[in-house]
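Some notes on the structure that comes next.
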Amino acid sequence: MAFFKIGLLSWFQKKIVDPLYQILRRGAEPKQLAFSAALGITLGLFPICGVTVFLCGIAIAVLGSLCHAPSVMLANFIATPMELSLVVPFLRFGEAISGGPHFPLTSDALKKVLTGEASREVMLSIAHALLGWLVAAPFILAALYLVSLPCFKILVRKFSTIPSSPKKSALHPEVRLKVRDV
């Protein structure tokens, strides 16, 4: 059991802590990091496994400099266990929103999905899970951003080796003009 704990701690250090530390040391803004982490986790909860990396890539391409790509991808990676555990709640939420029939989660339904014999009911259940995620995603994104912003402010201040950008003051501009006599 001790070997398992050591191996798990080593994996966690190498795959999550070290990349996060490198991101923080490079001096990104806390708001950008909080938004990127919230976006990565929200997209990482998408209820179809294997699609989240592509969703994050599209979001990074569309948002450009508004998000921090390594943070989005790290958060997406961290969200994977949560993704698997939230498929059923998203399914039930989607069924409740649409008023659709309750899909029984049986071994027969799982067998049909895994063998590619997906019936209309299975496809409808996937649509319900997607609907549940689509409705919940903006709230998840907002909640994660609000929770992670103070955390990233503290972490950036503590670990950043690059000073954060100075705030511009509108009351006292520091711009001076040089005038040359000709």
Side-chain angles (χ1 to χ4, degrees), residues 1-90 93 129-130 132-178:
M1 186 70 175
F3 178 74
F4 177 74
K5 286 182 183 179
I6 293 170
L8 185 61
L9 287 175
S10 171
W11 177 88
F12 187 78
Q13 178 75 32
K14 187 169 55 169
K15 297 292 185 183
I16 295 173
V17 175
D18 290 345
L20 179 60
Y21 181 67
Q22 287 178 4
I23 289 168
L24 291 170
R25 286 183 46 136
R26 294 191 179 159
E29 293 295 321
K31 288 181 180 181
Q32 185 185 35
L33 290 174
F35 174 71
S36 299
L39 181 66
I41 290 174
T42 303
L43 293 175
L45 297 179
F46 189 76
I48 298 178
C49 298
V51 177
T52 61
V53 172
F54 298 112
L55 288 176
C56 288
I58 291 168
I60 290 166
V62 169
L63 294 173
S65 65
L66 294 176
C67 67
H68 187 253
S71 299
V72 172
M73 296 311 284
L74 179 62
N76 176 43
F77 176 69
I78 291 169
T80 300
M82 293 180 282
E83 171 193 18
L84 300 174
S85 65
L86 289 175
V87 170
V88 174
F90 285 140
F93 186 48
L130 291 174
W133 179 82
L134 279 171
V135 171
F139 299 104
I140 294 169
L141 179 67
L144 288 172
Y145 177 77
L146 292 174
V147 168
S148 63
L149 182 60
C151 298
F152 277 110
K153 284 182 178 179
I154 293 167
L155 289 171
V156 166
R157 193 175 331 121
K158 183 173 182 175
F159 292 108
S160 179
T161 57
I162 301 170
S164 59
S165 64
K167 295 187 178 184
K168 297 176 185 175
S169 173
L171 297 176
H172 304 289
E174 300 276 328
V175 178
R176 295 182 183 168
L177 297 174
K178 282 189 171 182

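- Remark: side-chain polar atoms of Trp133 are not paired, donor with acceptor, to backbone N or O of Val87 under 3.5 angstrom.
- A pairwise comparison of heavy atoms in Phe90 and Pro47 identifies CD1-CB, 4.3 Å as the closest pair.
- Atom CG in Leu43 sits 14.0 Å away from atom CZ in Phe54 (nearest 0.5 Å).
- Taking CG of Leu134 as the start and CZ of Phe93 as the end, the distance is 10.5 Å to the nearest 0.5 Å.
- Contact between Phe35 and Leu66 at its shortest, heavy atoms only, is CD2-O, 3.7 Å.
- Between Ile78 atom CD1 and Ser71 atom OG the span is 9.5 Å, to the nearest 0.5 Å.
- In terms of the side-chain contact (heavy atoms from CB on, under 4.5 Å) criterion, residue partners of Ile48 (sequence neighbours excluded) are, by chain and number, Phe46, Val51, Ile126, Leu130.
- Using a 4.5 Å heavy-atom threshold, the side chains of Ile140 and Leu45 count as touching.
- Summarising the geometry of Ala38 relative to Leu144, their closest heavy-atom pair is CB-CB, 3.7 Å, with the distance given to 0.1 Å.
- The backbone N or O of Ser65 lies less than 3.5 Å from a partner atom in the side chain of Gln32, making a donor-acceptor pair.
- Ile154 pairs by the side-chain contact (heavy atoms from CB on, under 4.5 Å) definition with nothing, not counting sequence neighbours.
- Of the inter-residue distances, the one linking Cys67 atom SG with Leu39 atom CG reads 6.0 Å to the nearest 0.5 angstrom.
- Taking CE of Met82 as the reference point, atom CD1 of Ile41 lies at 5.0 Å (rounded to 0.5 Å).
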- Message: Please determine whether side-chain contact (heavy atoms from CB on, under 4.5 Å) holds for the pair Val53 and Met73, giving the CA-CA distance in whole Å, both sets of side-chain angles, and the decisive distance to 0.1 Å.
- Response: CA-CA 7 Å; Val53 172; Met73 296 311 284; 3.8 Å; yes
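- Gln13 is linked by a side-chain hydrogen bond (donor to acceptor under 3.5 Å, both in side chains) to Asp18, counting only residues two or more places apart in sequence or in another chain.
- Put simply, the side chain of Thr52 never gets that close to the backbone of Gly44: no donor and acceptor are under 3.5 Å apart.
- To the nearest 0.5 angstrom, Leu74 atom CG is 11.0 Å from Cys56 atom SG.
- Between His68 and Ile60, the closest side-chain pair of non-hydrogen atoms is not below 4.5 Å.
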